[in-house]
Amino acid sequence: MLKGRHLIEPGDFSLEELDRLFFLAGKIEDDGRYLRESCRGKLLATLFFEPSTRTRLSFEAAMLRLGGSCLGFAEPGSSSAAKGESLSDTIRTVSCYADAIVMRNPKEGAALLASRVSLVPVINAGDGGHHHPTQTLTDLLTIRRRRGELGNLTIGFCGDLKFGRTVHSLAKALSRYSGIREVFISPPELTVPGYITKGVLEKEKIPYSEAEKLEDVIKDLDVLYMTRVQKERFFNEEDYIRLKDFYVLTKDKMKNAKKDMIILHPLPRVNEIAVELDDDPRAVYFKQAQYGMYVRMALLASILGAVPC
Ligand code: NCD
């Protein structure tokens, strides 16, 4: 049962629990009235110490659609963090007011720390370059709805694989399904960390490879997961400028892709997918953002105990 549980990283929920969440999210997509008002009287705190559009707004939209209410901040400068309050004190306090907390924080491990002091469930909405499990729920639901299953696919992750937390979470989450191959496409400076390749994929015996050129591998992929270069995690501007346009997916590059390959992107997009591709039926990134709201509705209703899951 997910009632009362935290979600800090993708492995926190079993595959059966994920299946049930995806089933609920599918029902919400198919029937706009399903679970409406099921969280009336409940309060969700959204504490964003880093910028966000989709994650924060889709959580808030999800909670409002469930009939609940939201409070919180989108700007740490407007909270007591600006006065020097510790994260644990902020979380302890907010957990006296709300029924669940969604938090994004620039420090790796912040969500885990929050879950240890909170009186209510904590959902990690991104902790530095570490994990982003609800983006992973979004990505898995998108793949499942578009391809019918989560196993038996070759996925290419392209871009900033060093700092991209959505990549770390999805690469780890997919390693639990069978028939998965992972291809990591990045410049040498932005390769995927060893705690994912050695710590997860090799342990789980998931075949993976690394490449520098997207053109060399695009024809093998069933899913292409594009990411932006994570400017805010760079130590110097020059490196960012040198690497930011390393990959730009264009119509021309898509000529060699499979006819049914899907392109995912957690968004925001900067330059890495040409706008000319937005009308390509394989480009599903905006639909993916919509799935994010459905799966967050399913997640909130489950952890708040509004639906057995
Ligand atoms: C991602 C994030 O914050 O990690 N955005 C999101 O939540 N959809 C990806 C990114 O910022 O590049």
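All ligand and atom numbering here is 1-based and tracks the order in the structure. When reading the values below, keep in mind they use all heavy atoms of this one structure, side chains included, and skip hydrogens, waters and symmetry mates. For the single chain, residues carry numbers from 1 onward in sequence order. Note that the coordinates shown come from a computational prediction; the quantities given were computed from them, not determined experimentally.
With Y291 as the aromatic partner, K287 meets the cation-pi criteria of under 6.0 angstrom to the ring centre and within 45 degrees of the ring axis.
H131 places no side-chain N or O within donor-acceptor distance of the main-chain N or O of P10, the cut-off being under 3.5 Å. A distance-only check finds a donor-acceptor pair linking the side chain of Y247 to the backbone of S186 [under 3.5 Å].
Pairs of residues two or more places apart, or lying in two chains, never qualify as salt bridge (charged side-chain N to carboxylate O under 4.0 Å, His left out) while including a residue from residues 73-102.
Residues with a heavy atom under 4.0 Å from ligand 1: T55, R104, H132, Q135, R165, T166, R228, Q230, P266, L267, P268.
Partners of D139 by side-chain hydrogen bond (donor to acceptor under 3.5 Å, both in side chains), not counting sequence neighbours, listed by chain and number: Q135, Y225, Q288. For D12, the side-chain hydrogen bond (donor to acceptor under 3.5 Å, both in side chains) criterion is met by no residue, not counting sequence neighbours.
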